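Accompanying notes for the structure given below.
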Protein chains: 2
Amino acid sequence: MGDAVDLLLDQWRRERPDVDPWPMGVVGRVSRLAKLLNRELKEFFASYGLEHWEFDVLATLRRSGPPYELAAGTLVKAAMVTSGAITNRIDRMVAKGLVDRLPDEGDRRSVRVRLTDRGLALVDEMLAPHVANEERLLAALDPRDRDHLADALRTLLASLGDTTLG
Amino acid sequence: MGDAVDLLLDQWRRERPDVDPWPMGVVGRVSRLAKLLNRELKEFFASYGLEHWEFDVLATLRRSGPPYELAAGTLVKAAMVTSGAITNRIDRMVAKGLVDRLPDEGDRRSVRVRLTDRGLALVDEMLAPHVANEERLLAALDPRDRDHLADALRTLLASLGDTTLG
DNA sequence: GTTGATAATCTCAACGTTGAGATAAAAACA
DNA sequence: TGTTTTTATCTCAACGTTGAGATTATCAAC
């Protein structure tokens with residue numbers, strides 16, 4: 001059973017036999033899979049009235065533990081976006097009543113972002129269905145394969161410096 | 001050696017021990033890895049004065065073989081973007097002299113996009129360095145691991161219906 | 001050979017991100 | 001203490017994509 005990337009590799013081998021395209025077999029698949037998974041997740045989040053990035057912010061705050069509060073800069077690193085994007089996201093989520101923006105007592109440059117009761121209730125309600133949805137998307141892999149897959153991805157991420165959440 | 005996702009999984013296990021978060025170990029890593037790889041590739045393409053998407057279009061046309069020409073709709077499917085995005089991309093690449101937009105003789109709704117001589121020379125010049133760059137990004141994986149990784153990703157992609165380039 | 005459905009592309013406003021710069025505070029150091 | 005550097009966030013214009021709608025062409029069936 002082949003995928004779109006198998007076709008792509010065959011085309012390159014025919015057109016440019018002087019180049020071994022194997023790295024595309026990994027990089028291309030990671031990229032396509034991320035895009036497809038994103039589409040599926042987006043549908044799930046939409047069914048709760050949320051954007052994907054909104055859930056990401058809620059989840060980041062939730063898993064940090066009580067008082068469900070982080071600096072804006074921590075959210076920047078966790079989401080791998082720029083500071084401008086986080087400012088925008090916080091604005092919208094404050095307007096929606098999902099988080100509060102609080103001054104940091106010890107450092108007046110910094111802003112604390114805290115889950116509201118509503119935000120906390122929503123993310124706690126969504127977590128189990130969200131994980132079940134992801135599990136569905138990975139159902140084609142048996143437990144051994146999925147563990148090996150996670151291991152290989154971890155190796156790559158670590159080699160690229162992805163070792164901290166901020 | 002752990003990565004950012006290991007920390008994330010630990011946090012969830014502590015905060016919500018009632019939910020087994022293992023699917024995040026795969027989905028989260030695919031998403032983060034795609035983002036990191038994209039950043040690296042972007043730098044490489046910029047060194048040739050190209051955007052990532054420009055190279056994608058050039059490469060899609062190049063690997064299709066002579067006459068290096070495809071319908072706009074084929075590019076939509078290959079790039080996994082909407083038709084509006086492809087119209088925009090073709091406009092810019094025509095202006096840059098990398099592709100030509102030609103009428104389809106047999107179907108007047110359709111538009112053919114063809115590599116110019118310059119576009120062909122550029123993508124042919126870039127291919128080997130591009131693959132070498134991707135190889136560098138995957139250097140942390142030995143040949144056996146990388147094959148297993150590609151296999152697992154193929155399984156997932158095929159299960160999600162990613163079986164054609166258009 | 002009309003009619004209706006389907007298909008390919010283009011148009012365009014809304015949206016979110018980026019990247020550079022501004023602002024203000026904290027830290028480092030002389 | 002005063003000066004410089006670094007850090008945290010916000011601002012905002014430019015950019016590219018999306019998603020819905022419009023346009024034009026083809027196909028299927030009668």
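It should be emphasised that the depicted structure is a prediction, and the values quoted were computed from it without experimental measurement. Residue numbers start from 1 in every chain, and the chains themselves are labelled A, B, ... in the order their sequence lines are given, proteins ahead of strands.
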Roughly how many Å is it from [atom1] in [X] to [atom2] in [N], rounded to a whole number?
| X | N | atom1 | atom2 | value |
| --- | --- | --- | --- | --- |
| Ile90(B) | dG16(D) | CD1 | C1' | 15 Å |
| Asp91(A) | dT11(D) | CG | P | 7 Å |
| Leu102(A) | dT9(D) | CG | P | 13 Å |

As a test of reading the structure: which of [options] is closest to the side chain of [X], going by heavy atoms?
| X | options | result |
| --- | --- | --- |
| Arg109(A) | dA7(C), dG19(D), dT7(D) | dT7(D) |
| Ser83(A) | dT9(C), dT18(C), dT9(D) | dT9(D) |
| Asp107(B) | dC10(D), dT26(D), dA25(C) | dT26(D) |
| Lys42(B) | dT6(D), dC10(D), dG19(C) | dG19(C) |
| Arg108(A) | dC10(D), dT17(D), dA26(C) | dA26(C) |

5' priority, DNA chain D, between Lys35(A) and Val111(A) [closest heavy atom]: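 Whichever sits nearer the 5' end wins; that is Val111(A).
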Strictly below 4.0 Å, N to O, side chains only: are [X] and [Y] in salt-bridge contact?
| X | Y | result |
| --- | --- | --- |
| Asp104(B) | Arg109(B) | no |
| Arg154(A) | Asp147(A) | no |
| Glu51(A) | Arg92(A) | no |

Full working for side-chain contact (heavy atoms from CB on, under 4.5 Å) between Leu160(A) and Leu37(B): CA-CA 9 Å; Leu160(A) 295 173; Leu37(B) 291 174; 4.0 Å; yes
Under-4.0 Å side-chain N/O to phosphate OP1/OP2 contact, Arg92(B) with dG16(D):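 Yes, Arg92(B) has a side-chain N/O under 4.0 Å of OP1/OP2 on dG16(D).
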Distance test, side-chain N/O of Arg89(A) to OP1/OP2 of dT17(C), below 4.0 Å: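 True: Arg89(A) side-chain N/O within range (under 4.0 Å) of dT17(C) OP1/OP2.
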Rounded distance (nearest 0.5 Å) linking atom OG of Ser64(A) with atom CG of Leu8(B): 11.0 Å
Ring geometry between His52(B) and Phe45(B) (parallel below 30°, tilted from 30 to 60°, perpendicular above 60°):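 Rings of Phe45(B) and His52(B): tilted, 30 to 60°.
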Least distance between heavy atoms, Ala78(B) atom then Thr60(B) atom: CB-CG2, 3.9 Å
Nearest non-hydrogen partners of Ala128(A) and Val19(B), listed with the distance: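 That closest heavy-atom pairing would be CB-CG2, 4.2 Å.
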Over all strands shown, is [X] touching base, sugar-phosphate only, or nothing at heavy-atom distances under 4.0 angstrom?
| X | value |
| --- | --- |
| Ala72(A) | sugar-phosphate |
| Asn88(A) | base |
| Gly73(B) | sugar-phosphate |
| Arg112(B) | nothing |
| Asp104(A) | nothing |
| Ser110(B) | sugar-phosphate |

Contact nearer the 5' end of DNA chain C, comparing Ile86(A) with Arg101(B): Arg101(B)
Hydrophobic cluster membership, Val94(A) vs Leu70(A), 4.5 Å side-chain cutoff: yes
hydrophobic_cluster_shared for Leu98(B) and Tyr48(B), side chain cutoff 4.5 Å: yes
Axis deviation across the helix from dG1(C)-dC30(D) to dA30(C)-dT1(D), five-pair ends, to the nearest 10°: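 Axis angle across the helix from dG1(C)-dC30(D) to dA30(C)-dT1(D), nearest 10°: 30°.
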Close residues, residues 45-57 of chain B, relative to DNA chain D [heavy-atom separation under 4.0 Å]: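 Residues of residues 45-57 of chain B under 4.0 Å from DNA chain D: none.
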